[in-house]
Colleague: 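Quick one: structure below, then a few questions.
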Amino acid sequence: MGSLIPFQDLNLLPESSSLATMAASTSTTTPIAMKIPKLEPKLEPFEEALETTPPPHNLQQLRELEEPQDPFFSTPNPIPNPISNSQLTPFTDQTLTPLSQNSTISTDENNVYSEFHRISELFKTAFAKGLQQYGGDVLVPDPDARAIVPVPEENQVSAAVIVARKRIPRSSELVRVTNLGVEDERYFRSVVRRTRMIFDALRVLSTAEEEKKHGVGNVKRLRGDLRASSVMRDRGLWLNRDKRIVGSIPGVYIGDLFFFRMELCVVGLHGQVQAGIDYVPASQSSNGEPIATSVIVSGGYEDDEDAGDVIIYTGHGGQDKFNKQCVHQKLEGGNLALERSMHYGIEVRVIRGIKFPGSITTKVYVYDGLYRIMDCWFDVGKSGFGVYKYKLVRIEGQAEMGSSILRFAAALRAKPLTMRPVGYLSLDISLQKESLPVLLFNDIDSEQEPLYYDYLPRTVFPPFAFHQSGNGTGCECTTSCADDCFCAMKNGGEFAYDHNGILLRGKPVVFECGPFCRCPPQCRNRVSQNGLKSRLEVFRSRETGWGVRSLDLIHAGAFICEYAGVVLTREQAHIISMNGDNLVYPHRFSDRWAEWGELSQIYSDYVRPSYPPMPPLDFAIDVSKMRNVACYMTHSSTPNVLVQFVLYDHNNLMFPHLMLFAMENIPPLRELSLDYGVAEEWTPKQLSICN
DNA sequence: GTTTCGTCACACAT
DNA sequence: CATGTGTGACGAAA
């Protein structure tokens, strides 16, 4: 056990302060950032992807919309990788500075000191040694070494093997993905979306299975996340295992949210289950040096300082079981890798772990984009032990940080008018008809349209829809519904939701408990009939007219709202549509429910749920005079919201409710989008695109 | 190839 | 509801 070193004394230490000063002056006198090729933002922000889509309530435009469906799902077999001009840039040996052939990583046995003055020795030797051994100048590495040399055409590798077919070990080949076209982006996004849907489906289903087997509450420490990732690893469904990507991961956007570390591994954003620094180890690196690729800022180290764009990040190691520093850190492993990444000007992905009460887990992980390591020094931490510190500075020109959006949204929920003094036209256009307020925001023009319609929280069905059905049947459960209850039977012997109200798997139709059941309103099988769970906001957008976003984070699979309007029969619709009114045809919505919980890549005998069977829907929804928030959602072919048909207040299969559920973890203030489907006349063209 | 080790998880108990 | 603690699975190193 080393003796405690007073924090303030170390700052006075000549060696440390001089070196720190020199390091600091280095970064100011030589404009390092200028010499690094500026990183163009490669990923198109989600909002921009929606730019050309028309407002959903303008159905005429919608029909004219020519947008191919997500090719991944619309064809039965995986399509060939559409990548044409994109490339993976290998980091060849030439891209890194030449080393002396015999250099090794410094793992100085004397790293642990108990005497105060010896810390400075450690600092000098470990650091200077670490740098000098690699042939560079101790404090001013060759600026040219920071440039990533463009790779000649013949060395470029195709990206076709992003999705593997069997379990693959982790590669050590460092690449950076560049020049992705719009189609490439769309493709990779769909791969990531699909992968994450499989992960979530496996995770919630394994929990549900265990509960079924052992009974609710008797399940011991079930780790659905571990189960899901393990199954997916065995099937080779982890992404980006064949290349170690420096920089952005294709298909992962800044602001994307994750609730499990394992999920970060599955998409390849961060490959360490618990460790905060991910890197290519020296033994696998082409030049024998470790290179860091991503870090997680999770608040686990007391010496971290997080100012958003600038992070003082603490290296790993030196902690006891209670996350207390107890020995000095060493310049090895991830610590050395970060230092080497700084030396070569290699950017790192930053993921923040943020405490998030009220979620399914206590923490949420946000991808915050790329940072450059600008500085690195040895310091004494608050507990008096030596720690390595790294100054990470966010690269400019990237989309806004997800973590700051989370923070802003939290403030907005509490004080909307303080945070946005201008633009709110209404703090609740539903006039308390919804369980939570629906805000209306326009800071672009004077349009106020949503104010002028009657707000209709639930769809109005014609009376005969109730009469035609055997609506007097319900379950007899008095406390809580179980898997053997009448309503569970109607759903094929299982409930559609888990105990958090998450939709487990999309179905042709979901039967919820209703007014004819004896169970209480809190019953787990009444998810979509109890109103909003997240605060929604209709907002004016230059690109799409109106759009909808949430002030709350929405979990994947969570209920959002109903798509409400007045139901018209085919005959009524025919008459009304001649006047050019706004009608929505439920049968035209793409069957996105089938993607939710789709596991054909896991089970070869997987078939899309066909029970309970649904007849073709033959009605329209009139949203011209009465509507709710849903009809302001924009269209997308990679939507984050799906339509699930639900019955609860009657059993008439001809007239289900259109309930909207989240297909992804939707960050607050990200635009919600629905696949309204494309008109039939587009089908041939669509096929030609897919083939 | 195999084993050991450490880790900014997670879930549940208290 | 914060803190404690047991089980865990991965990649890296030996």
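Chain identifiers are assigned alphabetically (A, B, ...) following the order of the sequence lines, protein sequences preceding nucleic acid strands; residue numbering begins at 1 within each chain. This is a predicted model, so every value here is computed, not measured.
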Colleague: I want to check one thing: is the phosphate of B:dA9, taken as OP1 and OP2, less than 4.0 Å away from some side-chain N or O of A:K363?
Modeller: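 For A:K363, the contact criterion (side-chain N or O under 4.0 Å from OP1 or OP2 of B:dA9) is met.
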Colleague: Take the protein atom CG of A:L338 and the nucleotide atom C1' of B:dC8, then report the distance between them rounded to whole Å.
Modeller: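 Rounding to the nearest Å, CG of A:L338 and C1' of B:dC8 are 13 Å apart.
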Colleague: Side chain of A:Q284, heavy atoms from C-beta onward: which of C:dA13, C:dC10, C:dA12 has the nearest atom to it?
Modeller: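 The closest nucleotide is C:dA12.
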Colleague: Ring centroid separation for A:F259 and A:H555, is it under 6.0 angstrom?
Modeller: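 Yes, ring centres under 6.0 Å apart.
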Colleague: Side chain of A:M262, heavy atoms from C-beta onward: which of B:dC8, C:dA9, C:dG11 has the nearest atom to it?
Modeller: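 Of the options given, the side chain of A:M262 lies nearest C:dA9.
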Colleague: By nearest atom, which of the nucleotides B:dA9, C:dA9, C:dG11 is closest to the A:R261 side chain?
Modeller: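 Within the option list, the nearest is B:dA9.
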Colleague: Once the angle between the rings of A:F661 and A:Y497 is folded into 0 to 90°, is it parallel (under 30°), tilted (30 to 60°) or perpendicular (over 60°)?
Modeller: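 Aromatic pair A:F661/A:Y497 classed parallel.
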Colleague: Would you mind checking if A:E595 and A:R194 are paired as a salt bridge, meaning a charged N to carboxylate O distance below 4.0 Å?
Modeller: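 Looking at A:E595 together with A:R194, the answer is no, because their closest N to O distance does not fall below 4.0 Å.
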Colleague: Counting only non-hydrogen atoms, which of residues 264-275 of chain A are less than 4.0 Å from DNA chain C?
Modeller: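 A:G271, A:Q272, A:V273, A:Q274, in order of number.
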Colleague: Under a 4.5 Å cut-off applied to non-hydrogen side-chain atoms, are A:Q329 and A:F385 in contact?
Modeller: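 No, every pair of side-chain atoms sits at 4.5 Å or beyond.
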Colleague: Which part of the nucleic acid, if any, lies within contact of A:G353, taking any heavy atom under 4.0 Å across all strands shown: a base, the sugar-phosphate backbone alone, or nothing?
Modeller: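 Counting heavy atoms under 4.0 Å across all strands, no contact is made by A:G353.
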Colleague: Rounded off to whole Å, could you give me the CD-to-P distance for the A:E305 and B:dC8 pair?
Modeller: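 Rounding to the nearest Å, CD of A:E305 and P of B:dC8 are 19 Å apart.
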Colleague: 5'-most contact on DNA chain C: A:K355 or A:D278, nearest heavy atom basis?
Modeller: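 Upstream on the strand: A:K355.
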Colleague: Without decimals, in angstroms, what is the distance between A:D303 CG and B:dC8 P?
Modeller: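 Checked: the CG to P distance equals 14 Å.
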Colleague: Please give, in whole Å, the distance from B:dG6 P to A:E332 CD?
Modeller: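 The answer, rounded to whole Å, is 11 Å.
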Colleague: Take the protein atom CZ of A:R223 and the nucleotide atom P of C:dC10, then report the distance between them rounded to whole Å.
Modeller: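 To the nearest whole Å, that distance equals 11 Å.
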Colleague: Round to a whole Å and report the spacing from CD1 of A:I354 to P of B:dC8.
Modeller: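 It works out to 18 Å between those atoms.
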Colleague: Just the rounded figure in Å: distance from P of B:dC5 to NE2 of A:H316.
Modeller: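 Nearest whole value for this atom pair: 17 Å.
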Colleague: Check the phosphate of B:dA9 against A:S298, side-chain N and O only, distance under 4.0 Å to OP1 or OP2. Yes or no?
Modeller: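 Checking B:dA9 against A:S298, a side-chain N or O does come within under 4.0 Å of OP1 or OP2.
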Colleague: Hey, are A:R413 and A:D552 close enough for a salt bridge, meaning a charged N less than 4.0 Å from a carboxylate O?
Modeller: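 Looking at A:D552 together with A:R413, the answer is yes, because their closest N to O distance falls below 4.0 Å.
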Colleague: Whether A:E263 and A:R203 form a salt bridge (side-chain N of Lys/Arg under 4.0 Å from carboxylate O of Asp/Glu) is what I want to check.
Modeller: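 Salt bridge: no.
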Colleague: Any salt bridge between A:R189 and A:E664, counting N to O under 4.0 Å?
Modeller: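 Here A:R189 pairs with A:E664 in a salt bridge, since their nearest N and O are under 4.0 Å apart.
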Colleague: Got a donor-acceptor pair under 3.5 Å from the side chain of A:D225 to the base of B:dC10?
Modeller: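 It does not, because no donor-acceptor pair links the side chain of A:D225 to the base of B:dC10 below 3.5 Å.
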Colleague: Between A:Y365 and B:dC8, is there a contact of a side-chain N or O with OP1 or OP2 at under 4.0 Å?
Modeller: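 So the side chain of A:Y365 is outside the cut-off, no N or O lying under 4.0 Å from OP1 or OP2 of B:dC8.
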Colleague: Applying a 4.0 Å non-hydrogen cut-off, can you work out what A:L226 is touching in the nucleic acid: base, sugar-phosphate, or nothing?
Modeller: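 Since only primed, P, OP1 and OP2 atoms lie under 4.0 Å of A:L226, the category is sugar-phosphate.
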Colleague: Go nucleotide by nucleotide along DNA chain B from the 5' end; which of A:G300 and A:T362 gets its closest nucleotide reached first?
Modeller: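 Result of the comparison: A:G300.
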Colleague: Identify, between A:G317 and A:F260, the residue whose nearest nucleotide on DNA chain B lies closer to the 5' end.
Modeller: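 Residue closer to the 5' terminus by nearest nucleotide: A:G317.
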Colleague: It should be established whether A:R241 places a side-chain nitrogen or oxygen under 4.0 Å from OP1 or OP2 of nucleotide C:dG11.
Modeller: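 Result: yes.
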Colleague: Which whole-number value in Å describes the distance from A:Q325 CD to B:dT7 P?
Modeller: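 Checked: the CD to P distance equals 10 Å.
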Colleague: Pick from A:R261, A:R170, A:R349: which one makes a salt bridge (charged side-chain N to carboxylate O under 4.0 Å, His left out) with A:D278?
Modeller: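 It is A:R170, the one option of A:R261, A:R170, A:R349 that forms the salt bridge (charged side-chain N to carboxylate O under 4.0 Å, His left out) with A:D278.
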Colleague: Are any of the side-chain heavy atoms of A:M342 and A:Y390 separated by less than 4.5 Å?
Modeller: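 Result no, sub-4.5 Å side-chain heavy-atom pair not found.
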Colleague: Verify the contact: side-chain N or O of A:Y279 to OP1 or OP2 of C:dA13, cut-off strictly under 4.0 Å; return yes or no.
Modeller: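 So the side chain of A:Y279 is within the cut-off, an N or O lying under 4.0 Å from OP1 or OP2 of C:dA13.
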Colleague: When the nearest nucleotide of DNA chain C is assigned to A:S229 and to A:P281 on a heavy-atom basis, which residue is associated with the more 5' position?
Modeller: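 That would be A:S229.
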Colleague: Does B:dC12 have a Watson-Crick or wobble mate here (both distances under 3.5 Å), and if so which one?
Modeller: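 Partner of B:dC12: C:dG4.
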